[in-house]
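Hydrogens, waters and symmetry mates are skipped; everything else that's a heavy atom, side chains included, is used. Just so it is clear: chains get the letters A, B, ... in the order the sequence lines come, proteins before strands, and each one is counted from 1.
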Amino acid sequence: MNFRTAIAPLPALERNRNLFLSLINESTTLSHLAQAHAQIVVNGYKNDISTVTRLTHKLCDLKAINYARDLFLSVPKPDLFLFNVVIKGYSNNNSPRSSISLFTHLKKNTDLRPDNFTYFFAISASSGFPDEKVATLLHSQAIVDGFGLDLFIGSALVDLYLKFSKVEFAKKVFDEMPERDTVLWNTMISGLVKICCFEDSVLVFKDMVADAEIQLDSTSLAAVLPAAGELQQLRLGMGIQSLATKLGLHSHVHILTGLISFYSKCGDTETASLLFDQIDRPDLVSYNAMISGYTCNNETDSSLRLFKELLAFGERANSSTIVGLIPVFFPFGHLDLTLCIHCFCVKSGVVSNPAISTALTTVYSRLNEIELARQVFDESTEKSLASWNAMISGYTQNGLTDAAILLFQNMQTFKVQPNPVTVTSILSACAQLGALSLGNWVHDLVKREGFHSNIYVMTALIDMYAKCGSIVEARRIFDSMQEKNVVTWNSMICGYGLHGHGKEALDLFTKMLQFGVSPSGVTFLSVLYACSHAGLVTEGDRIFHSMVHDHGFEPLPEHYACMVDIFGRAGKLEKALEFIKRMPVEPGPAIWGALLGACMIHKETRLAHLASKRLFELDPENVGYYVLLSNIFSVDKNYPQAASVRQVVRRRSLAKTPGCTLIEVGGLPHVFTSGDRSHPQTKAIYAKLEMLMGKMREAGFQAETVTALHDVEDEEKELMVKVHSEKLAIAFGLISTEPGSEIRIIKNLRVCPDCHTATKFISKISGRDIVVRDANRFHHFKDGICSCGDYW
DNA sequence: TGAGTCAAAA
């Protein structure tokens with residue numbers, strides 16, 4: 001009993017009001033609340049605005065939104081306070097539209113003026129809309145009404161814009177705030193982390209640490225820890241840990257859990273489990289972090305042990321536990337066990353949880369069970385953005401680029417807004433497919449949505465432009481990026497390699513080292529690859545040695561294969577063989593394949609037999625080797641042998657991938673196969689081809705027949721190769737694009753020597769630049785010369 | 001006199 005009530009009892013009205021208020025506060029169920037409501041009505045308090053407001057609020061908390069609405073409507077003249085409570089109530093009960101309608105009603109039909117609370121609640125509600133349009137509208141109204149600089153509203157806006165991946169908008173709000181409190185900083189950091197802008201979030205965190213005015217709290221540290229883990233920045237994570245100790249937050253359960261996840265992502269489960277033991281009473285989230293930590297590091301026994309321990313404590317596992325546990329099985333390709341977990345999820349009803357269905361989709365696509373992945377995706381009733389992203393990237397990683405793009409378009413008809421993760425996947429699909437016009441469209445989307453500070457997105461754009469033939473545009477983006485990581489550098493170097501620009505690739509590699517960026521295995525592969533395609537033998541040799549001796553890298557089979565390729569393409573076949581013999585590891589199919597490819601270019605039959613013999617032993621399923629070998633016999637005019645190799649292929653019913661070529665005209669893709677007559681303009685295409693062949697022969701063109709697989713007469717062979725898909729695509733390009741414009745085509749296999757020579761002639765005759773992307777690299781044909789130097 | 005933002009696993 002407090003002093004005031006002791007000496008002077010409250011007036012009756014106030015005393016009763018307090019009674020009702022505490023009655024409402026203590027209610028934990030709807031029926032308690034209904035009883036309290038009855039008491040209020042009986043005692044004539046049904047028009048007491050503060051009591052009714054408290055009751056309405058509590059009803060909203062208990063999810064009785066319709067009850068709350070009826071109560072609100074029964075009040076003859078609700079004040080701003082009550083409006084605010086109901087606007088928030090709708091927002092918290094999955095009714096953002098009702099929330100915003102009420103806000104509009106308040107502005108239009110009452111003489112009340114919204115205050116900072118009203119705007120705060122309405123802006124929070126606008127996160128339930130498919131895009132940020134409602135939010136920007138409210139934002140501008142808030143500014144007009146003088147609440148633009150309110151810290152709560154500022155934080156809500158930053159949170160919201162980041163949820164819609166509008167990084168630039170969020171930054172603008174953040175920068176324009178006259179004062180920034182801890183919460184505003186935290187909102188910025190955690191929002192960036194949630195949309196995978198890890199680099200950005202770390203930069204903001206560092207700014208926050210540098211700001212002496214601002215106090216860091218456990219939220220700040222917990223927010224940035226996932227970024228440190230994703231970026232595998234061990235020093236940063238340890239820095240955060242010591243900061244936590246300095247601030248006395250080291251036993252805070254959120255921070256310990258974050259650190260467990262961090263160390264697990266860095267591969268250090270030992271430290272993670274030490275931290276786990278430091279938690280007094282680990283909760284479900286901590287268990288899940290540790291379980292998934294063990295799982296990611298393939299310590300499956302520990303995962304399962306901890307899972308059992310969790311159940312033994314009587315804790316119920318939730319969807320995240322399963323999500324963390326499912327991948328236990330896929331490093332071993334244990335499809336049956338994944339199916340088992342799937343069944344368990346179906347039986348216990350958690351399969352409708354979007355996190356679970358997303359995890360299952362991911363696991364199935366990593367097991368290359370793309371149909372099962374799609375089935376789970378289709379059956380999930382509640383699709384989150386993550387579900388869409390998992391399915392799209394599943395398609396992309398399995399090379400099903402058409403399906404990925406189709407699903408991406410489908411997602412947009414469902415009004416699901418793509419985020420940077422979606423964009424990164426879809427750009428990878430464009431890169432694989434060479435779909436430049438879709439790539440351009442996605443680039444516009446990146447600009448529109450403000451994703452251009454996302455390092456993953458920008459790196460994917462570089463890759464896309466490089467693989468779609470626009471190496472200059474790729475470099476422009478590369479140069480425009482302030483923050484680059486090793487993948488960014490790799491993509492650019494690899495792009496130069498694809499285009500045969502060996503010198504540029506080497507220059508960039510040198511620059512990368514000067515910038516202090518540590519090269520990865522992929523970096524060396526890209527540089528070696530570039531050397532190979534540009535015939536830079538000495539440089540390649542030097543880089544390989546530097547990789548082993550200066551950088552301490554253990555070469556992988558693909559590095560060895562690349563070296564064999566460098567020697568082999570340059571015609572130094574004996575040197576290549578010598579290199580293979582000196583390798584400290586047993587040469588695998590990639591290495592012999594590289595040698596065989598080189599033998600093919602240089603028509604070296606003796607070594608080809610050796611290489612192919614090894615290949616048949618190591619990789620009997622791969623058709624490519626049979627084709628190469630058969631071609632080599634054909635070169636020697638040893639047709640019976642060539643035929644017998646082809647028979648092996650037929651007997652084992654190994655199918656050769658049919659060659660096809662894609663060309664985009666007017667933003668539409670046209671695909672041609674060899675001898676194709678299905679195109680609506682077939683007649684004109686073949687006529688153009690006839691005309692070209694005539695002019696080419698006049699200019700001295702002779703058909704190269706080496707790769708024609710059949711031992712028929714030369715003249716007949718000429719007829720067969722001249723309708724290769726690339727020739728059809730080029731002919732179509734010539735008749736359907738502006739004179740003088742560049743022609744770009746994409747071939748799924750390596751371009752054959754005949755088409756290569758023919759394209760050189762065509763580029764000269766037609767005065768067109770022709771860019772050909774084949775399975776290995778780019779060829780830029782100009783004025784009768786190819787950028788590859790006939791060397792591919 | 002009844003209302004408010006950010007945080008750990010997936």
[Y] ring center within less than 6.0 Å of [X] ring center:
X: Tyr90(A); Y: Phe121(A); answer: no
X: Phe377(A); Y: Trp388(A); answer: yes
X: His139(A); Y: Tyr119(A); answer: no
X: Phe169(A); Y: Phe164(A); answer: no

Can you list, by residue number, the residues of [range] that have a non-hydrogen atom closer than 4.0 angstrom to DNA chain B?
range: residues 373-387 of chain A; answer: none
range: residues 152-175 of chain A; answer: Phe152(A), Ser155(A)
range: residues 212-231 of chain A; answer: Ser218(A), Thr219(A), Ala222(A), Pro226(A)

Quick one: label [X] by what it contacts on the DNA or RNA (base, sugar-phosphate, nothing), any heavy atom closer than 4.0 Å.
X: Asp115(A); answer: base
X: Leu21(A); answer: sugar-phosphate
X: Asn92(A); answer: nothing

What integer distance in Å separates [X]:[atom1] from [N]:[atom2]?
X: Asp48(A); N: dG2(B); atom1: CG; atom2: P; result: 10 Å
X: His252(A); N: dA9(B); atom1: NE2; atom2: P; result: 14 Å
X: Asn84(A); N: dT5(B); atom1: CG; atom2: C1'; result: 15 Å
X: Lys88(A); N: dG2(B); atom1: NZ; atom2: C1'; result: 14 Å
X: Leu106(A); N: dA3(B); atom1: CG; atom2: C1'; result: 14 Å
X: Phe83(A); N: dG2(B); atom1: CZ; atom2: P; result: 20 Å
X: Phe205(A); N: dC6(B); atom1: CZ; atom2: P; result: 19 Å
X: Tyr263(A); N: dA8(B); atom1: OH; atom2: P; result: 18 Å

Side-chain ion pair, Arg374(A) and Asp378(A), N-O less than 4.0 Å
yes
Does Lys172(A) pair with Glu168(A) as a salt bridge, N-O distance under 4.0 Å?
no
Taking donor-acceptor contacts at under 3.5 Å, does the side chain of Asp79(A) reach the base of dG2(B)?
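Present.
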When you look at Asp145(A) and Asn116(A), which way does the side-chain hydrogen bond (donor to acceptor under 3.5 Å, both in side chains) test go after all the steps?
CA-CA 9 Å; Asp145(A) 282 348; Asn116(A) 49 343; over 6 Å; no
Return the CG to CG distance between Asn25(A) and Leu33(A), rounded to the nearest 0.5 Å.
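Spacing of CG (Asn25(A)) from CG (Leu33(A)) equals 10.0 Å.
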I need the Ile260(A) CD1 to Thr271(A) OG1 distance, nearest 0.5 Å.
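Rounded to the nearest 0.5 Å, the CD1-OG1 separation comes to 11.0 Å.
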Is the ring pair Phe152(A)/Phe120(A) parallel, tilted or perpendicular, if the boundaries are 30 and 60 degrees?
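It falls in the perpendicular class, over 60°.
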Once the angle between the rings of Phe276(A) and Tyr287(A) is folded into 0 to 90°, is it parallel (under 30°), tilted (30 to 60°) or perpendicular (over 60°)?
perpendicular
dA3(B) base stacked by Phe117(A) (centroids within less than 5.5 Å, tilt under 30°)
yes
Nearest-neighbour nucleotide for the [X] side chain, [options] considered:
X: Asn186(A); options: dC6(B), dG4(B), dA8(B); value: dC6(B)
X: Asp283(A); options: dG2(B), dA8(B), dC6(B); value: dA8(B)
X: Val85(A); options: dA3(B), dA7(B), dA8(B); value: dA3(B)
X: Asn116(A); options: dG2(B), dC6(B), dG4(B); value: dG4(B)
X: Ala289(A); options: dA8(B), dA9(B), dA3(B); value: dA9(B)

Given [N], is OP1 or OP2 found less than 4.0 Å from the side-chain N or O atoms of [X]?
X: Ser292(A); N: dA10(B); answer: yes
X: Thr257(A); N: dA9(B); answer: no
X: Lys194(A); N: dA7(B); answer: yes

Sidechain-backbone polar pair: Arg180(A) side chain, Trp185(A) backbone, donor-acceptor under 3.5 Å
no
Can you establish whether the number of heavy atoms outside Asn66(A) located under 6.0 Å from its atom CG is more than 12?
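Yes, CG of Asn66(A) has more than 12 neighbouring heavy atoms, counting only those of other groups under 6.0 Å.
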